[in-house]
Amino acid sequence: MHEKHAEYTDVNEILKGEHTGEKVCIRGWIHRTRNIGSMVFLNIRDPTGVVQVMASSDSVENYEEIKPLLLESSVEVCGEVAEDRRAPGGYEVRASGVNVIHAAGVFPIQEDHSVEHLLDNRHLWLRSTYMRDILTVRSTVFGAIHEYFRANGYKEFQSPILTPLACEGGSTLFPVDYFGDEVYLAQSWQLYAEAAIFSLGKIYTMAPSFRAEKSRTARHLTEYWHAETEAPWLEFDGLVELAEGMVCNVVKRVLENNREELERLRGGDMDYLLRVKSPFHRITYQEAIHKLNEAGLDIEYGDDFGAPHERELTDIYDKPVFVTHYPQEIKAFYMKRAPEDESKVLGFDLLVPHVGELIGGSQRETDIGAMESRLQGEGEDITRYGWFLDTRRYGSVPHSGFGLGVERLVTWLCSLEHIRDSIPFPRTPNRYRP
RNA sequence: GCCGUCGUAGCUCAGUGGUAGAGCACUCGGCUGUUAACCGAGCGGUCGCCGGUUCGAAUCCGGUCGACGGCGCCA
């Protein structure tokens, strides 16, 4: 046993050659181990990287204690850093002391693993380089979204998670027993936000949203983080610019802060991300239908896009693409009609490769009569929207907002096969554990 | 909700009607420069579950449960 050390060195500093020849102490977990008689090699992982430690029966007094250590045991190691081409990464720590913090049991995750096994052991799989890289990018994404809105004068506003009403007719809600009454887990912040802009002005949030749809796809979660914004006096063109600016800021920040992680996750293909700068492509729904028909897909004006249509549109363009001016029949009741053509709405979707719809937004309808007839047309009980309709009764102003699926953003940035890896503990129709 | 694939050792899988297999992990032994170390030995099973066909079922049939992949719906 050696004495406690006040300072520990990050593994990545050793791998950058910053401590060669010095005595350092590191602490972390055994990532891999190789034992050849009276010498053992321990690859030690900390949050910054993995470095090889060499310990022999001559160099450490408790060699017999460390020789049988299993993967993921936690240790402190002190020793001299040496540059050595035989070591993975080119550097190793030649141990003079190894302090066993905890000798782990047999770790359930081995080299061979299935998707199912990794999901069952998600709490342990978080330790993988893969998950660490994604969650590091995710942290930057959350920070960049907060930063963008605050830098543009937006205040953060919170709405309730337990709510008595739906936001959009079609979506399915998770019911919750509220002392005998039925309430629901929120699927959007928007309706409450539309009440708050009259007080705070420009606002945003990042909060969980819940959808009880049994969507079995690589881009749906039942619980996801929803970045939403709402602003008074903001009209459609300004809204599109706001969305574009936000995405650009996130891309800029992850490229600045997480270049290494992104290169590992994207297999070195960074060209696409480096292209993501203003302006994005902007086409109308009508133009999109035309493009799709030209490309040989069978879709008529008035149909909503399916996965193949979104895929084709994102393939055509080399950057994210805004699709605007959808027919009002296929969009939500709260979207404002386009003044030049009442059959269309001032709404947009931002489409990106692989994940499809990243953001949906609109200028909001302010005509209370139009909203009421629209809700009735969808079979909604208008009395449940009483308080919300008050936002159109007392000093109504033009306003706009959008919602972004944060996990879809992370999935897109990291080029993930499935959205479940963009969140630490994914909730999907078939899975709510661990 | 619809379509499809798969459930065999702790993990990844092979096994198409006749005594349950391999690699890895783990345990023991060997090895002073390993790179997913290597060599030898050992441990390890209600073949998802229920029923049926058969002299005999991991294998064929029916049902059921679970997971995964895709579509639809959405962010």
Side-chain angles (χ1 to χ4, degrees), chain A residues 31-43 50-59 63 67-68 70-72 82 84-90 92 94 104-121 124 167-173 187-190 206-228 243 303-311 330-332 348-352 355-361 401-412 417-420 422-423 428-431 433:
Chain A
H31 188 66
R32 217 181 288 294
T33 173
R34 291 173 297 282
N35 179 351
I36 48 166
S38 54
M39 181 186 275
V40 65
F41 295 94
L42 306 172
N43 293 5
V50 179
V51 70
Q52 173 166 289
V53 166
M54 191 274 280
S56 69
S57 53
D58 298 335
S59 70
Y63 183 75
K67 198 164 75 167
L70 300 181
L71 301 189
E72 294 301 324
D84 193 320
R85 69 176 59 174
R86 293 170 298 186
E92 69 179 7
R94 292 178 181 154
V106 179
F107 201 65
I109 299 176
Q110 315 290 343
E111 288 291 334
D112 291 319
H113 43 236
S114 61
V115 170
E116 183 177 359
H117 189 244
L118 294 182
L119 286 170
D120 288 341
N121 291 282
L124 303 175
C167 171
E168 301 175 36
S171 298
T172 321
L173 299 152
Q187 55 174 257
S188 175
W189 159 96
Q190 180 188 330
M206 260 194 290
S209 276
F210 304 87
R211 301 284 165 93
E213 291 137 4
K214 291 197 169 180
S215 301
R216 283 204 50 83
T217 80
R219 55 194 176 280
H220 286 87
L221 296 166
T222 55
E223 175 183 323
Y224 68 101
W225 285 75
H226 205 175
E228 295 180 88
D303 294 342
D304 208 349
F305 300 138
H309 309 112
E310 289 183 348
R311 212 156 27 231
I330 59 174
K331 287 293 176 185
F348 75 84
D349 284 348
L350 179 64
L351 305 181
V352 297
V355 304
E357 185 179 349
L358 180 64
I359 303 181
F402 68 73
L404 169 145
V406 182
E407 283 77 16
R408 288 189 175 181
L409 179 54
V410 174
T411 300
W412 171 59
E417 291 291 316
H418 199 292
I419 196 169
R420 63 180 162 233
S422 67
I423 188 168
T428 54
N430 293 11
R431 192 177 279 278
R433 279 188 269 260

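Order of the sequence lines fixes the chain letters, A, B, ..., with proteins taken first and strands second; residue numbering starts at 1 for each chain. All values derive from a computational prediction rather than experimental measurement.
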For a quick test of reading the model: is some side-chain N or O of [X] closer than 4.0 Å to OP1 or OP2 of [N]?
X	N	answer
A/Ser114	B/U12	yes
A/Arg431	B/C68	yes
A/Arg420	B/G69	yes
A/Arg311	B/C71	yes

Would you mind classifying the nucleic acid contact of [X] as base, sugar-phosphate or nothing, using non-hydrogen atoms under 4.0 angstrom?
X	result
A/Arg216	base
A/Leu221	base
A/His31	nothing
A/Ala227	nothing
A/Glu417	nothing
A/Ser56	nothing
A/Asp84	base

Any donor-acceptor N or O pair under 3.5 Å, side chains A/Tyr224, A/Arg408:
no
Would you say the side-chain atoms of A/Thr217 and A/His220 include a donor-acceptor pair closer than 3.5 Å?
yes
Taking B/A25, B/U32, B/C74 as options, the one with an atom nearest any side-chain atom of A/Val106 is B/A25
If you check the A/Arg32 side chain, which of B/A75, B/C71, B/A36 turns out closest?
B/A36
When you compare B/U19 with B/U59, how far apart are their C1' atoms, in angstrom units rounded to a whole number?
15 Å
[atom1] of [X] versus [atom2] of [N]: gap in Å, rounded?
X	N	atom1	atom2	value
A/Glu213	B/C2	CD	P	16 Å
A/Asn35	B/G29	CG	P	11 Å
A/Leu70	B/G10	CG	C1'	13 Å

Check this for me: does the side-chain of [X] come within 3.5 Å of the base of [N] through a donor and an acceptor?
X	N	answer
A/Ser215	B/C74	no
A/His113	B/C11	no
A/Glu111	B/U12	no

Is there aromatic stacking of A/Tyr224 against B/A75, centre distance under 5.5 Å, plane angle under 30°?
yes
Complementary nucleotide for B/C2 - Watson-Crick or wobble, under 3.5 Å:
B/G70
